[in-house]
Amino acid sequence: MTSILVDLPWLSLLVAVPLLAAVVIWLVPGLQKLARPLGLAVSLLVLAGAIAMVPGFDAGGGYQFTETYSWIPAIGASWAVGINGLGLVMILLAVALVPIVIAAAWNEVRLPEAAGSGETGSGEPDTKALDRRRAGYVALVLALEAMMVAIFAVRDLFSFYVVFEAMLVPVYFMIGVFGGPNRRPAALKFLLYSLAGGLVMLSGVIYLLVQTGGGEQALLLDNLAGALEGNYTAQLWVFLSFLIAFAIKAPMVPVHTWLPDAAAEAPPGTSALLVGVLDKVGTFGMIAICLPLFPEAVANVAPYLVVLAIISIIYGGILAIGQKDVMRLIAFTSVSHFGLIVLGIFIGTQTAMVGSMIYMVAHGVSTAALFLVAGFLTQRGGSAQMSSYSGMQRVVPVLAGVFLISGLATLALPGLSGFVPEYLVLLGSFEASPAAGVFAVIGVVLSALYILLAYQRVFTGPVDPDRSDLPDLGGRERWTMVPLVLAMLVLGFFPAPVLDVLTPAADQFAAILGSAS
Amino acid sequence: MQDTPLTNLAWLLIAIPLASAAVLLVGGRRTNAWGHWLGVVAAAAAALLGIGILIEMLGLPEAERIHDLHLFSWIPAGDLSVDAGLLVDPLSMTFVLLITFVGALIHVYSVAYMEHDENRRRFFAYLNLFVAAMLVLVLADSYALLFVGWEGVGLASYLLIGFWNQRTEYAVAAKKAFVMNRVGDMGMLIAMMLMFASIGAVDFETVFAAAEGTNEGILTATGLMLVLAACGKSAQFPLQAWLGDAMAGPTPVSALIHAATMVTAGVYLIVRSAPVFEGAPTAQLVAAIIGAITLLFGAIVGCAKDDIKKTLAASTMSQIGYMVLAAGLGPIGYAFAIFHLVTHGFFKAGMFLGAGSVMHGMGDEVNMRRFGALRRSMQITWITFGAGWLAILGIPPFSGFWSKDKIIEAAFVGEGWQPWVFGPIALLGAGITAFYMSRLFFMTFHGKARWKESEDSANESDKDLPVQHPHESPLLMTVPMIVLAVGSVALGGLLAIGDTFTHWLEPVTGHVEHHDPVIAIPVLIGATIAIVLAGAFIAWRQYAASAVPVTPPEGSVLTRAARVDLYQDAVNEAVFATPGARVTEVLTEADTTVVDGAARGLGSGAVGLGTWWGRLQTGFVRSYASIMVVGVVLAVVVVLATRV
């Protein structure tokens, strides 16, 4: 049983299936009516496939489920995939969120004219156009799913670059076509920032090729590790080029300003995937690519990154407190949390590294939940401004409860998903640098402020008579939140299985940094 | 080792109320009809199990009364590995019994008190959640798991202070409590960081065993951070400002969380961490100083408040100041800190329930200037409250006498300046306490009524007084009050006879030889009683024997300062809130103008943005694809070129 699973090109299948499904749903007109159930079924199938890999995975066994195919030998490019503990966990997070996002956006995709103004003029041709539009959204989500699996699985730098850039396309459309009133500038901003980062990274890839001399399979990450040993200047420049791309993606201060705009305009499900999973590509790249490829350069630059990370933690927290738009607020909480993740990566202890890794999962769950539940609210109330609401807890108690639980997970309340990661990063950081630990811990107070301020503004106070009849979460919406809430509780009380998978990988990456410095 | 079947079930103490809370929250309105009774049963079941474990423990020899129950591997992260486990010992069991017993009584009381609230079921869910979290706090065998309970009770407190959050100021009070507690929690986190960095673990056993060989500087820093944590949770100076506002919560919450149990967690933390403080005399001294400051601070504020609940809150702050002072005195004070914590848990919870009963009978009025002469219409409340009053005054043989007197004696023990500072402060605090608690008692139950039964009062001077129909509360409320009153009368004496309580705690706090205070004990007892009687007498003259004005007189400078909590909010506002808001405002503005502006400028400087912008908007796919293609081609060309 296990051997059959391992023998199949398992990871390539997890990429191919949703990508094919996306194309089919997009192109076959007869299927557009069924796009949503079909998309949900495919995403659940992919989830089942990813879960089926777990029993065959050996936590201590390094990269597994590997496949390598020759692609463009002339430039040393291959299609190579394989996952270690971090890759497995990130893929599981991504494919678990996709069905939730599809289900959460079941009725939320509307025709552009009708967007935000309720159902008007539902004639015959409109239904068809609506089906097309819905099919388009589902196809984009599935295409994005394929790329999310790919980006966490690829073991070839050229493939990584291609997927890294290709991912922008579905997200660009998801924001630019399906987003809010200012969607186009926001989508463009997202694209320009990402492109700028991608191009810098491309120059690094090219320089790397030049430096290593190329050859077939030259860009396999396994072959690149150690290739620049002794060539510190090359390491530094290539690392910096990658770092810029990853820092934009992860959003670190000061290259974060695309995120609040994107999150404010994107459909909530898109924000959930964007911040919950896609932004993790930045921190994932820092760990899985930068550390093995440029260990000496990382070790030397790390202190500066630690400072930048601490600035992100505090700056993101303060900016979150200052927001009036709930979606922008969530975006800024993420800037703060990414600061903690980056801190854990570069501070150089094993404890903090494990913390950063599980942080990536935990933050994915709680932020996705926050974006989705805030989306449920703004769709009902027709506004993302927190001042538009008052006393909503009395009106929509279940929605309020889910928001509060997700918010408490975000502020790292012990017993919920955010705590163990933050605890590990803090303890691990202090171990290496007491000052870094003490500065980072300020985030604990800021997070309490921004979450509870948001809750106070929206959900407490006298009930606003204009919004006193908004419906609470319906059955479908509740069921989309159940898995997220359960995940937050499980990661809070029983994170051991996830930690068991991540710890060997963290040991390995932390050791790279440890021996380089 | 003997078999201990009940002790092995200690996890059920937590699981039962937690499961009940989950049923009530997930079940929603379907559980409205019986939810409150489920909450009561859950609390009572935990109390019964707690008594069972106590009996089992009493049957064991002293050396075998410490059990560490391993539950599961919680954070196995390589270098740091934390197991979830429970430490069942005399100290934790003392708290278990206080929490579950007083907790169960307050659950019963709440059935009636919250009867007319449409969200009563949710109230009981939060109460059960609190009980579960508080039990995690006291039963945890590591600082990490303790922190789960520590913040868990903070959450329950937040939810319950804000239970009536349709009033914005109550929601603000709830948030204030949580955020100020988080400032303290930073201390807890830094303490754990220090432990992990120096000892490599955060569980009690390893940390305590290693504490002796650890550098004093690190222990001092750790101790100070634990004191900071205690200040947040126990509303000690300078993190005391949230407790008065926390009275926004329904009165049973004030009794259980903000008087008897949660706010005493800081005292528990210090006593539990005795081995750390043993090697950190500076941190101990700081704890004692903070306790001394807070006991005076709370007492002074208590003298000026007209709100019955806020007076009791100030009193709680002050009484916990006594406990923190005792804990800061080291081993000679630990047992007395806990002893006073237990007796205080009974008499203060009893008085809060009494205050709730008064409010229940007086249309939710809290202003004592609108009370008076209530002893006739609310006799049970009057008598039970009276028991608590005599207990907190420390009149022998009521409970508070046995515990507070011991702290005053301990404060006079020592060398150098310390006994001559801490001792007189503790003594003076007792006198002020007697004044403000008597003031409360007389203003509420004695003197002339500052309300009237009906509109058609013959007396012309009564015409501005509000109409009230005070009545005694139902049995569900009075029975818990009576039980707590019995505790206020007898518990202290029972536990003090033959030093029963201090012996009981010895497996944890260690045996301490008797130390003589700098002033002879009989003199101290006499002085204490004299100063207490003096305080009570002044209050009687002013608030029972003469008329109490309905509108507060202007008062002295000190009175006016005390009314606004000695300017605690103004200070916090000026030092933290206003500058913080300004920083937030400036940064929020700068983020869009400076940071984002710089990036935009960079973009427009590099390219003729106007045209590029337009082209991307119309033909973005083409542009994007071409950029990618150009990039790939470039890569191929460069590689091929360099290989030649």
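Numbered from 1 within each chain, the chains take letters A, B, ... in sequence-line order.
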* Name the member of A:Val253, A:Asp261, A:Leu452 that forms the most heavy-atom pairs with chain B at distances under 4.5 Å. => A:Leu452
* So which heavy atom on A:Ile318 is nearest to which on B:Thr584, and how close? -> O-CG2, 3.4 Å
* Select one option (side chain, backbone, both, neither) describing which atoms of A:Pro397 are under 4.5 Å from chain B's heavy atoms. => side chain
* To do: Compute the ring centroids of A:Phe430 and B:Phe196, then answer whether they are less than 6.0 Å apart.
  => no
* Asked: So which part of B:Leu159 gets closer than 4.5 Å to some heavy atom of chain A, the side chain, the backbone, both or neither?
  -> side chain
* Asked: Hey, does B:Thr588 have a side-chain heavy atom less than 4.5 Å from the side chain of A:Lys324?
  -> no
* Asked: Around atom CZ of B:Phe163, are there more than 12 heavy atoms of other residues, nucleotides or ligands at under 6.0 Å?
  -> yes
* **From CD1 (B:Ile190) to CG (A:Leu426), nearest 0.5 Å** => 9.0 Å
* Which atom names give the shortest non-hydrogen contact between B:Arg182 and A:Ala412, and what distance separates them? -> NH2-O, 3.6 Å
* If you measure from CG on A:Asp500 to OG on B:Ser73, what distance do you get to the nearest 0.5 Å? -> 7.0 Å
* chain B interface, residue from A:Val205, A:Leu413, A:Val463, A:Val498 that has the most non-hydrogen pairs under 4.5 Å -> A:Leu413
* Enclosure of A:Arg478 CZ (heavy-atom neighbours >12, cutoff 6.0 Å) -> yes
* Asked: A:Thr257 and side chain to side chain donor-acceptor pair (under 3.5 Å): which partner among B:Asp596, B:Thr592, B:Asp591?
  -> B:Asp596
* What's the shortest heavy-atom distance between A:Ile442 and B:Met186, and which atoms? -> CA-SD, 4.1 Å
* **Greatest number of heavy atom pairs closer than 4.5 Å to chain A - which of B:Ser198, B:Pro76, B:Gly28** => B:Pro76
* Asked: Among A:Phe332, A:Tyr423, A:Phe494, which residue forms the greatest number of heavy-atom pairs with chain B at distances under 4.5 Å?
  -> A:Tyr423
* Structure fact -> Honestly, the part of A:Ser447 sitting under 4.5 Å from a heavy atom of chain B is side chain
* Is the side chain of A:Gln393 donor-acceptor paired with the backbone N or O of B:Gln166 at a distance under 3.5 Å, no angle test? -> no
* Can you check whether B:Lys175's main-chain N or O pairs, donor with acceptor, with A:Gln456's side chain at less than 3.5 Å? -> no
* B:Val202, part contacting chain A, at a heavy-atom distance under 4.5 Å -> side chain
* Asked: Do you know which of A:Thr503, A:Val354, A:Val444, A:Val398 has the most heavy-atom pairs under 4.5 Å to chain B?
  -> A:Val444
* **Between CD1 on residue A:Ile358 and CD1 on residue B:Ile75, distance to nearest 0.5 Å** => 9.0 Å
* To do: For side-chain contact (heavy atoms from CB on, under 4.5 Å), just list the numbers for A:Val445 and B:Val179, CA-CA rounded to whole Å, side-chain angles, deciding distance to a tenth of an Å, and then say yes or no.
  => CA-CA 6 Å; A:Val445 176; B:Val179 172; 4.3 Å; yes
* Could you look at A:Leu404 and say if it's the side chain, the backbone, both or neither that has a heavy atom under 4.5 Å from chain B? => side chain
* Part of A:Leu408 within contact of chain B (heavy atom distance under 4.5 Å) -> side chain
* Decide yes or no on side-chain contact (heavy atoms from CB on, under 4.5 Å) for A:Tyr315 and B:Val595, but give the supporting numbers first. => CA-CA 12 Å; A:Tyr315 187 87; B:Val595 182; 3.6 Å; yes
* Distance-minimising heavy-atom pair for B:Ala77 and A:Gln350 -> O-NE2, 3.0 Å
* Heavy-atom distances under 4.5 Å only: say whether B:Leu155 touches chain A with side chain, backbone, both or neither. => side chain
* Tell me, yes or no, whether the heavy-atom count around A:Trp71 atom CH2, taken from other residues, nucleotides or ligands under 6.0 Å, exceeds 12. => yes
* For B:Glu151, is it the side chain, the backbone, both, or neither that has a heavy atom closer than 4.5 Å to a heavy atom of chain A? -> both
* To do: Give the intermediate values and the outcome of side-chain contact (heavy atoms from CB on, under 4.5 Å) for residues A:Thr349 and B:Asp79.
  => CA-CA 9 Å; A:Thr349 64; B:Asp79 289 353; 5.8 Å; no
* Heavy-atom pairs under 4.5 Å with chain B are the metric here; pick the option from A:Pro495, A:Ala506, A:Gly415 that has the most. => A:Pro495
* To do: Please flag which part of B:Ala144 lies under 4.5 Å from any non-hydrogen atom of chain A: side chain, backbone, both or neither.
  => both
* Aromatic ring centroids of A:Phe419 and B:Phe147 under 6.0 Å? -> yes
* To do: Could you pull out the closest heavy-atom pair between A:Leu319 and B:Leu587, with the gap in Å?
  => CD2-CB, 3.8 Å
* Asked: Considering all heavy atoms of both residues, which atom of B:Phe72 and which atom of A:Phe493 are nearest to each other, and what is their separation?
  -> CE1-O, 3.3 Å
* Tell me, with the steps shown, if A:Val441 and B:Met193 meet side-chain contact (heavy atoms from CB on, under 4.5 Å). => CA-CA 10 Å; A:Val441 87; B:Met193 293 178 193; 3.8 Å; yes
* To do: With rounding to the nearest 0.5 Å, note down the distance linking CD1 in A:Ile451 to CZ in B:Phe178.
  => 10.5 Å
* **Contacting region of B:Asn181 [heavy-atom separation from chain A under 4.5 Å]** => neither
* Segment of B:Trp164 engaging chain A (4.5 angstrom heavy-atom cut-off) -> backbone
* Do B:Tyr170 and A:Thr460 have side-chain heavy atoms sitting under 4.5 Å apart? -> no
